[in-house]
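These notes concern the structure reproduced below.
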Amino acid sequence: MMKRRIALLGSTGSIGTQALEVIATHPDDFSVELLTANSNASLLIKQAIRFNAATVVIGRKELFNEVNNALLPHHIKVFAGEESVLQCLAMESIDLVLAAMVGFAGLKPVIEALKNKKPVAIANKEALVVAGDLITRIAAENKTAILPVDSEHSAVFQCIQGELLNPIRKVILTASGGPFRGKDKKFLEGVTPHQALQHPNWSMGAKITIDSATLMNKGLELIEAKWLFGLKPEQIEVIVHPQSIIHSMVEFEDGSMKAQMGLPDMKLPIQYALAYPKRLSPGFTNFNFALNKNLTFEYPDEETFRCLAIARQVMIKAGNAPCAMNAANEIAVAGFLNNEIRFNDIPTLVQLCLDKIEFKTGCTFEEYQQTDEQARHITREIISHKTITSPV
Ligand code: NAD
Ligand code: MG
């Protein structure tokens, strides 16, 4: 079999490094064509040498010389800046793109990859939240696949294999509940970034870890599921499952429900997307019932974790509302991590921003970009004027 040649966007992050572990376990199945990262030059250099990448792009242009000097003796081509990422995505030699950047920054490269008819394994959920309509339309126009990497969406995707003629009645996304499951609003008032970064089950990048603590992550995933599987908002439910063994479920017309299970390890969904439709041997530990006897479920507390309720409303409203919500959330999460705002200010800021943004439907890429910039500006203004009043 020919090796699948991978372009890994965001290779230095949590998903990026785990994807490289998967690739290292299966050297006969994959090779690395392109690696990109924003600012971690030293890790990018190590990865490029270790995996003999053909080309790398460092996002921050001031780091170009450092990366180029290190990789020149290895005959690895080096470029810098966002435009270079977009240009490299046209490379004939790329078979599949793994989008593992974080935030709105991932949107343009995802669109560019699809326009170049490259299948995209998508971890970057924010791109789908912001512009799921554009992305799915461009994928369809170019007859190009989008493969989910997010564990819940990978679970749904695995459950619908072989069900081509059977419509989905309902998707049930599971949520771990995060580090503050069961806590009340009063408790959340005082939580620190350090506490919020302690996820019980998953080790992930800082932004998604905070999103998991506020349940905004599950809110983003509702919208991600809507676009990936063409669902109506009322077809998507969330259930808290603290053990994170069932990664999500699909209910069909006859009421039969399929679930996909495994230990909480992103290498499984990453590997499934990279090798699809083939299943490869695992380089990771598998689930064992003897060690995990209790699987429990409860409904999410959307009054305490308001981000989930906000995201559900935003999913129903659609248009540029998810784009504005995502931007406000990115700014709010960064503000919380910088100790500028409190944990409970995150949903308040997102709601305040949504109330101020001009609502539009049928947006072009440029209009989404405009909404993103406006929402970031509005949210920063509110933070800098300290006009947030979180209801306790
Ligand atoms: P991370 O912060 O660990 O890594 C982000 C990567 O993106 C880094 O390589 C960084 O260099 C790159 N990057 C950041 N800003 C960039 C910019 N402006 N331009 C170009 N590149 C940039 O994040 P992560 O936890 O790996 O998450 C990546 C994406 O995958 C997110 O959208 C997240 O929601 C999603 N996801 C992550 C996990 C997980 O377990 N980590 C699970 C499901 C989904
Ligand atoms: Mg997930």
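Numbers here are sequence positions counted from 1. Each ligand, and each atom within it, is numbered from 1 in the order the structure gives.
Gly13 CA, 3.1 Å is the protein heavy atom nearest to atom 4 (O) of ligand 1. Looking only at heavy atoms of the protein, atom 12 (C) of ligand 1 is closest to Gly10 CA, 4.0 Å. Looking only at heavy atoms of the protein, atom 44 (C) of ligand 1 is closest to Asp150 OD1, 3.5 Å. Closest protein heavy atom to atom 35 (C) of ligand 1: Ala123 O, 3.1 Å. Here the heavy atom of the protein found nearest to atom 41 (N) of ligand 1 is Ser14 OG, 3.1 Å. At the shortest separation from atom 22 (C) of ligand 1 among protein heavy atoms lies Asn38 CB, 3.5 Å.
Taking each of His153, Met101, Glu224, His199 in turn, the one with a heavy atom nearest to atom 7 (O) of ligand 1 proves to be Met101. Around atom 5 (C) of ligand 1, the closest heavy atom drawn from Val102, Ile122, Thr209 belongs to Val102.
The contact set between ligand 1 and Asn124, taken as ligand atoms under 4.0 Å from a residue heavy atom, comprises 32 (O). Of all the atoms in ligand 1, the ones that sit under 4.0 Å from a non-hydrogen atom of Gly205 are 3 (O), 25 (O), 41 (N). Near Glu126, meaning under 4.0 Å from one of its heavy atoms, ligand 1 places the atoms 31 (C), 32 (O), 34 (O). In summary, the atoms of ligand 1 found under 4.0 Å from a heavy atom of Ile15, numbered by their order in the structure, are 26 (O), 30 (O), 37 (C), 38 (C), 39 (C), 40 (O), 41 (N), 42 (C). The contact set between ligand 1 and Met266, taken as ligand atoms under 4.0 Å from a residue heavy atom, comprises 40 (O), 42 (C), 43 (C). Numbered from 1 in the order shown, with element, the atoms of ligand 1 that lie under 4.0 Å from a heavy atom of Ala105 read 17 (C), 18 (N), 19 (N). Taking a cut-off of under 4.0 Å to the non-hydrogen atoms of Ala37, the atoms of ligand 1 that pass are 11 (O). Residue contact check: Lys125 has heavy atoms under 4.0 Å from atoms 32 (O), 34 (O), 44 (C) of ligand 1.
A salt bridge is defined here as a Lys NZ or Arg NE, NH1 or NH2 lying under 4.0 Å from an Asp or Glu carboxylate O, and Arg60 with Glu62 meets this definition. Between Lys186 and Asp184 there is no salt bridge, since none of the side-chain N atoms of the basic residue sits less than 4.0 Å from a carboxylate O of the acidic one. For the pair Glu330 and Lys207, the salt-bridge criterion is not met [side-chain N within less than 4.0 Å of a carboxylate O]. Ion pairing of Lys115 with Glu112 is absent here, as no side-chain N (NZ or NE/NH1/NH2) approaches a carboxylate O to less than 4.0 Å.
Contact analysis leaves Lys207 out of contact with ligand 1, as no non-hydrogen atom separation drops below 4.0 angstrom. Not a single heavy atom of Asn40 sits less than 4.0 Å from an atom of ligand 1. At least one heavy atom of Ala100 sits less than 4.0 Å from an atom of ligand 1.
With 3.5 Å as the limit, one finds a donor-acceptor pair spanning the side chains of Tyr368 and Asp133. In summary, the side chains of Glu21 and Thr17 do not present any donor paired with an acceptor at a separation below 3.5 Å, with no hydrogens or angles considered. Between the side chains of His26 and Gln271, at least one donor N or O lies within less than 3.5 Å of an accepting N or O. Residues Asn40 and Thr12 have side chains that never bring a donor and an acceptor to within less than 3.5 angstrom of each other.
Within the 3.5 Å criterion, the main-chain N or O of Lys3 finds no donor-acceptor partner in the side chain of Asp28. The main-chain N or O of Thr364 is found under 3.5 Å from a side-chain atom of Glu367 such that the two form a donor-acceptor pair.
Distance NZ/Lys77 to SG/Cys88: 8.5 Å, rounded to 0.5 Å. Between Leu8 atom CG and Leu274 atom CG the span is 8.5 Å, to the nearest 0.5 Å. Between Lys118 atom NZ and Arg5 atom CZ the span is 8.0 Å, to the nearest 0.5 Å. Once rounded to the nearest 0.5 Å, the distance linking CD1 of Ile378 with CG of Leu354 reads 9.5 Å.
Centred on the Mg ion (ligand 2), the angle running from Glu152 (OE1) to Asp150 (OD1) is recorded as 100°, rounding to 10°.
Of the polar atoms of Thr12, at least one N or O is found under 3.5 Å from an N or O of ligand 1, judged by distance alone.
The nearest pair of heavy atoms linking Lys185 to Glu303 is CE-O, 2.9 Å.
Looking at Met204 against ligand 1, both its backbone and its side chain come within 4.0 Å, counting heavy atoms. Within the 4.0 Å heavy-atom criterion, the part of Ser11 lying near ligand 1 is the backbone and not the side chain. With a heavy-atom cut-off of 4.0 Å, Ile208 touches ligand 1 through its side chain alone.
For Glu221, the N, O or S atom with the smallest separation from the Mg ion (ligand 2) is OE2.
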